[in-house]
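To start, the structure itself, in structure tokens.
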Amino acid sequence: MAKVIMTVDDSPSITKVVTMTLKGAGYEVVEAGDGKQALAKLKASPVNMLITDLNMPNMDGITLIKEVRKDERFKWIPIIMLTTESQDSKKQEGKAAGASGWIVKPFTPEQLLAVVKKVLK
Amino acid sequence: MSIADKYGDVFRQEAEERLAEMEEVILLIESNPDDTDAINRLFRAAHTIKGSGAMYGFDEMAGFTHHLETLLEKVRDREVAVSKPLIDQVLASRDQIIAMLAAAHGGPPVNAAGTRRIVAALKSFLPGAEDKAEPARPAHKTRKPGKKGGKAGAKTTATWRIVFRPNPDFFRSGNDPLLALEELSGHGECEVVAQTDHMLPFEDFNPEECQLYWDIILTTASDLNAIKDVFIFIEDMCAITIQELGGGGLLDAEAPPPRLGEILVERGYVSPEAVKEELRHQNRLGDLLTQSGQVSAEKVAAALLEQEALAKQQAALKKESLRVPALKLDALVNLVGELVVNQARLSQISSTLESHDLATSVEEANRLAADLRDIVLNIRMMPIGTTFSRFTRLVRDLSGDLSKEVQLITEGAETEMDKTVIDRLVDPLVHLIRNSLDHGIEQPTEREAAGKPRRGTIRLVAQHKGDRVVISVEDDGRGLNRERIHRKAVEKGLVPPDKLLTETEIMHLIFHPGFSTAAAVTDVSGRGVGMDVVKREIAALRGSVDISSRPGAGTTIALGLPLTLAIIDGLLVRVADQRFVIPLSVIEECLELNREHFVLGTGRNVIAFRGQTIPVIRLREVFEVDAEKPPWEETVVTNCGGEQIGFVVDRVIGNYQTVIKSLGKFYQNVEAISGATILGDGDVALVLDVAGLLRMATDGGGEGGRLHLSDRQAAFA
């Protein structure tokens, strides 16, 4: 059965790239525009992995990660953050919240797939 | 096909929406500077345009927007106040982005000067710094330089020791240690050793727990932060230590790589005392520490890898030894030989001129020439051990063939000799070891019956003795059977049946050409060729062969060899106006001959010497020197492989060290001469081949040395 990956981003263009890349590799993709939407969708139907942006309206990425980790059921879902920040502070913040890894924008579809495959292995 | 080609429309649409949103919120902020929600939206819009723009390859737009985002971040964090000029510049920025977007989709090119002006204006709002470094591609990962300034910039590599020890519940967090290890190996040359000493016994083993940990030696150009980043998401679930090796600075290319013991102590695996204690046994430290349970084999393996990595790095820094064609070395040795000879001549001339200044500088030049000679000759020196390994193999194979149990023990492998000598020694040594195996060492059952251990031992020992190297082959076999040797020699007509021979003489019979006592000719030895060849070869190297044997206890054959063939320590002698050099190594004594030395009633070629009768050769006759004999002649008594022979000369001049020059083609097969040397006054002196002369004498080959063992027998009559 195809693994389900949720991509959380307020940018349609980024979402498009992520979704098309993942679908092209045979994954099933659920899209969410911000943290709030993501949390709601996750509770309705669990996924195998989350890829989330950090800067988003309504609920940002860090808060989303914290919320997901609070829930017993989603405690071990791998979460990858998409970030343009390469500063340790952002990584540390995301990591402290419970992220499993990050990808720095801009990335190529190949780089994204490599990380996803590694984490889902 | 790039992302922009595939989904470019999506980006354009998004960007246009964001730009419209920007305009809307900018105006909101202008009317209400405290509207945090609006400020957040503005920031996010810029952030998104930057991020997506970079994704879609609009680098110029992303770079420009980065400056806007930086300023808006400060506004959001209330570090920069909203003001009219700021609003103006943000609006101008937005319009510039629109122009860029249009340019990317076929519009007119953007005014670059305008872009630069806006960027400068945006920067002017930032607190403090007027001119902050700007990354060309904002989204690019920038690494902070390491603790040591400038290190990250320069392409220097360092070696890091990383110990990565996940907590037992590591797997339950959904993490995989392999990911971290793979990522690390992407940074450079990476050696990983899994440590298993925390593994529980099988009955307690829990596959859901991580009981392994890893030692990693990483040589990389990445800095500490980059390495730390690998573990950033798992550092709470594991213990990680990262240390730079080589004292934090560049490795010292000259210093030896740290020893295994030092590394183990530094890592805290063992105490310095434990290492010292084990070192006393002088064995492989790692094996010892492992055996004694001080440290696990894997830890030693990790420490060894570390040592290797450091050594490799050093090797890269250091020019290694040079390989030089042997021909070049030979030419060098030859030239130095000429130099030394010429120097001696210069020295002699200088001594007659009585000029103090000249004498001083000639003396200095003498010293330099001597040093140069020593160094050049030393270049050719190699440890003899390089040939020892092949003998171990030989003994292993042969003892199997002969169904004997034999061990070879080698000693003094580090003893250095001239490479030429070592090369020419191999065949004689092979023969001696074969003989020991075949004739010396008994069958295991025979040994047991004699109360000896089943396994025989052959010892191959090299050691310095003065300016010579003695290489001996010792076995603990049955020893030489003197009676059988004597009987055989008589049968073969090598000695008359009633001739009395000393023990040594009997034993030396085995070196006689065509002598073989083996009952059957075997593959291994005993073809009757060999021992005489050994003796001849060793003699050609100006070496000596000594033999000693005790029945039932074993045999030792000792080869005495010069360190080098290029230099000879000799005794300079004179016959009329001709000078000769006799190798010092074979000389026993010098005598002044007088009438009482000659044994009466025998031929004139035998003299009485210390109660023995020994043959003498008159060099005057061998070399056909046609001049008047002095009233008193001198004799140099030599011992070559146990046989004594005297050389009658006009005068013994004295010790002489010189460089040997090989003779031209025409003289290479002359048996009596092994080389020539140029004397200080420019004359040539011939170096006598004592073994060859002895052979000439015993075979009756030499005109003046018509000598046979029977002559000696006659002397006793």
Side-chain angles (χ1 to χ4, degrees), chain A residues 9-21 24 34 48-49 53-58 60 69 74-109 111-112 114-115 117-121, chain B residues 2-4 6-15 17-18 21 37 40-41 43-59 62 66 69 73 135 137-144 171-176 178-180 182-183 225 228-236:
Chain A
D9 208 309
D10 62 329
S11 158
S13 63
I14 302 271
T15 304
K16 184 92 183 169
V17 174
V18 174
T19 303
M20 297 318 283
T21 303
D34 59 44
N48 297 96
M49 181 180 177
D53 190 19
L54 291 185
N55 275 296
M56 291 180 297
N58 301 322
D60 67 17
R69 290 295 183 231
F74 310 133
K75 216 167 177 172
W76 308 123
I77 293 181
I79 304 178
I80 302 291
M81 354 183 243
L82 288 185
T83 173
T84 50
E85 276 84 5
S86 57
Q87 291 93 342
D88 284 347
S89 65
K90 270 290 177 208
K91 285 182 196 165
Q92 290 290 355
E93 215 182 305
K95 185 217 116 192
S100 336
W102 75 89
I103 304 173
V104 178
K105 284 189 274 189
F107 51 84
T108 65
Q111 285 168 334
L112 174 69
V115 172
K117 277 182 187 154
K118 236 164 92 172
V119 173
L120 282 181
K121 197 160 70 175
Chain B
S2 75
I3 298 171
K6 271 186 184 168
Y7 319 118
D9 288 347
V10 183
F11 171 72
R12 185 178 183 175
Q13 197 185 342
E14 176 185 358
E17 278 170 20
R18 291 302 158 106
E21 186 186 3
D37 184 53
N40 264 331
R41 278 171 67 195
F43 168 75
R44 266 204 313 277
H47 177 77
T48 300
I49 290 169
K50 183 189 85 170
S52 304
M55 281 291 296
Y56 281 79
F58 299 113
D59 291 346
H66 171 72
E69 185 199 9
E73 193 178 14
R137 293 191 62 173
H140 252 203
K141 220 171 176 176
T142 51
R143 294 204 195 287
K144 278 192 260 171
F171 295 141
R172 273 177 240 163
S173 68
N175 280 296
D176 186 348
L178 194 57
L179 297 180
E182 277 175 356
E183 198 174 336
N225 284 336
K228 277 185 174 167
D229 277 356
V230 173
F231 297 103
I232 196 165
F233 284 99
I234 47 177
E235 66 185 21
D236 291 344

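The chains referred to below are lettered A, B, ... by the order of the sequence lines, with proteins before strands, and numbering in each begins at 1.
- With a threshold of 4.5 angstrom between heavy atoms, B/Ser52 approaches chain A through its backbone and through its side chain.
- With contacts defined as side-chain heavy-atom distances shorter than 4.5 Å, the pair A/Lys16/B/Tyr56 qualifies.
- A/Ile79 places a side-chain heavy atom less than 4.5 Å from the side chain of A/Arg69.
- Listed by chain and residue number, B/Arg18, B/Arg41 satisfy the salt bridge (Lys or Arg N to Asp or Glu O under 4.0 Å) test with B/Glu21 (two or more places apart in sequence, or in another chain).
- The candidate with the highest count of non-hydrogen atom pairs below 4.5 Å against chain A, out of B/Glu17, B/Gln13, B/Lys228, B/Arg44, is B/Arg44.
- Looking at A/Ile80 and A/Val115, their side chains come closer than 4.5 Å, going by heavy atoms from C-beta outward.
- Heavy atoms of A/Asp10 lying under 4.5 Å from chain B belong to its backbone as well as its side chain.
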